[in-house]
Amino acid sequence: MDHHQAGTGRYQVIQEEECPPRDDFNDPDQLRVGNDGIFMLAFFMAFIFNWLGFCLSFCITNTIAGRYGAICGFGLSLIKWILIVRFSDYFTGYFNGQYWLWWIFLVLGLLLFFRGFVNYLKVRNMSESMAAAHRTRYFFLL
């Protein structure tokens with residue numbers, strides 16, 4: 001009896017087709033992930049130089065790490081300036097007892113900081129898990 005006949009317990013091997021990475025995209029929204037160094041550089045640039053550093057680091061970098069680092073640094077810079085204005089003797093009368101405005105800017109800065117940091121961690125972890133599939137570029141809309 002031939003073991004290769006249909007219905008006699010023959011094993012079928014199903015090979016999964018591997019998808020090679022595509023490098024033929026010319027889409028401007030497609031960005032590389034980047035690394036932690038780019039994230040920290042954009043973060044400190046936006047934190048130290050405030051909105052000007054944010055604009056420079058967000059526009060110059062072409063990586064997701066740079067963009068999220070700029071957002072994260074700008075959020076912390078906003079918190080820094082709100083605290084300086086709130087507790088400084090030089091800026092009296094800016095809030096005039098309207099402390100709800102102070103809280104809105106403080107929460108906005110915290111949201112920007114955490115959004116940049118958490119989203120970068122998500123993208124980095126996802127890129128590390130997809131690195132096994134030999135993917136090098138990703139499509140993200142910011």
Side-chain angles (χ1 to χ4, degrees), residues 3-142:
H3 291 291
H4 296 297
Q5 293 176 355
T8 59
R10 173 176 77 163
Y11 293 104
Q12 293 180 349
V13 177
I14 300 173
Q15 294 180 348
E16 294 182 10
E17 192 175 305
E18 184 176 334
C19 297
R22 295 181 58 182
D23 292 328
D24 60 343
F25 287 118
N26 289 323
D27 196 348
D29 291 329
Q30 181 184 6
L31 301 172
R32 292 177 304 160
V33 174
N35 58 19
D36 294 341
I38 298 295
F39 178 84
M40 293 303 291
L41 179 68
F43 171 79
F44 283 119
M45 193 168 160
F47 179 69
I48 292 171
F49 296 112
N50 305 315
W51 65 270
L52 185 62
F54 167 74
C55 290
L56 286 176
S57 60
F58 194 84
C59 294
I60 290 175
T61 59
N62 61 350
T63 62
I64 293 171
R67 301 267 172 102
Y68 281 137
I71 291 171
C72 190
F74 180 69
L76 203 60
S77 175
L78 185 62
I79 293 170
K80 172 184 74 172
W81 278 106
I82 288 299
L83 292 176
I84 288 172
V85 169
R86 169 68 177 92
F87 294 109
S88 176
D89 292 335
Y90 296 110
F91 298 108
T92 58
Y94 268 84
F95 290 105
N96 292 330
Q98 297 177 345
Y99 293 112
W100 58 272
L101 189 61
W102 178 74
W103 283 105
I104 287 175
F105 281 114
L106 192 68
V107 168
L108 181 68
L110 282 171
L111 287 175
L112 285 173
F113 174 75
F114 284 120
R115 178 184 183 257
F117 190 72
V118 169
N119 285 344
Y120 173 65
L121 288 179
K122 285 181 188 177
V123 169
R124 189 182 71 173
N125 290 338
M126 187 171 48
S127 71
E128 288 174 359
S129 67
M130 292 183 75
H134 305 293
R135 303 236 179 226
T136 56
R137 297 186 72 131
Y138 307 99
F139 180 75
F140 287 99
L141 296 174
L142 293 176

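Only a predicted model underlies this, so the values are computations on that prediction, with no experimental measurement involved. Residues: numbered from 1 along the sequence shown.
Among residues at least two apart or in separate chains, there is no salt bridge (Lys or Arg N to Asp or Glu O under 4.0 Å) pair with a member in residues 45-56. Residues in residues 100-111 take part in no salt bridge (Lys or Arg N to Asp or Glu O under 4.0 Å) pair, two or more places apart or across chains. For residues 34-44, the salt bridge (Lys or Arg N to Asp or Glu O under 4.0 Å) pairs, not counting sequence neighbours, are D36-R124.
Between V33 and T63, the shortest heavy-atom distance links the atoms O-CB, 3.9 Å. Nearest heavy-atom pair across Y120 and A65 is CE1-CB, 3.3 Å. Looking at every heavy atom in both residues, L112 comes nearest to I71 through O-CG2, 3.6 Å. The two atoms that bring A42 and G66 nearest to each other are CB-O, 3.3 Å, heavy atoms only.
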Next on the checklist: Pair L83, W102 - check side chain to side chain contact (heavy atoms under 4.5 Å, CB included), show working.
Outcome noted: CA-CA 9 Å; L83 292 176; W102 178 74; 4.0 Å; yes
Checklist entry - Can you list the steps and then say if I38 with N35 is a side chain to side chain contact (heavy atoms under 4.5 Å, CB included)? => result CA-CA 6 Å; I38 298 295; N35 58 19; 3.2 Å; yes
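Considering CZ of F43 and CZ of F74, their distance stands at 13.0 Å, rounded to 0.5 Å. A distance of 10.0 Å separates CZ in R67 from OG in S57, rounded to the nearest 0.5 Å. To the nearest 0.5 Å, atom CG of residue L76 and atom CG of residue L78 are 9.5 Å apart.
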N/O donor to acceptor pairs below 3.5 angstrom from side-chain atoms of residues 44-56, sequence neighbours left out:
unit_1, atom_1, unit_2, atom_2, d
N50, OD1, S77, OG, 2.5
N50, OD1, K80, NZ, 3.4
N50, OD1, W81, NE1, 2.9

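Applying the side-chain contact (heavy atoms from CB on, under 4.5 Å) criterion to L110, with sequence neighbours excluded, gives I79, F114.
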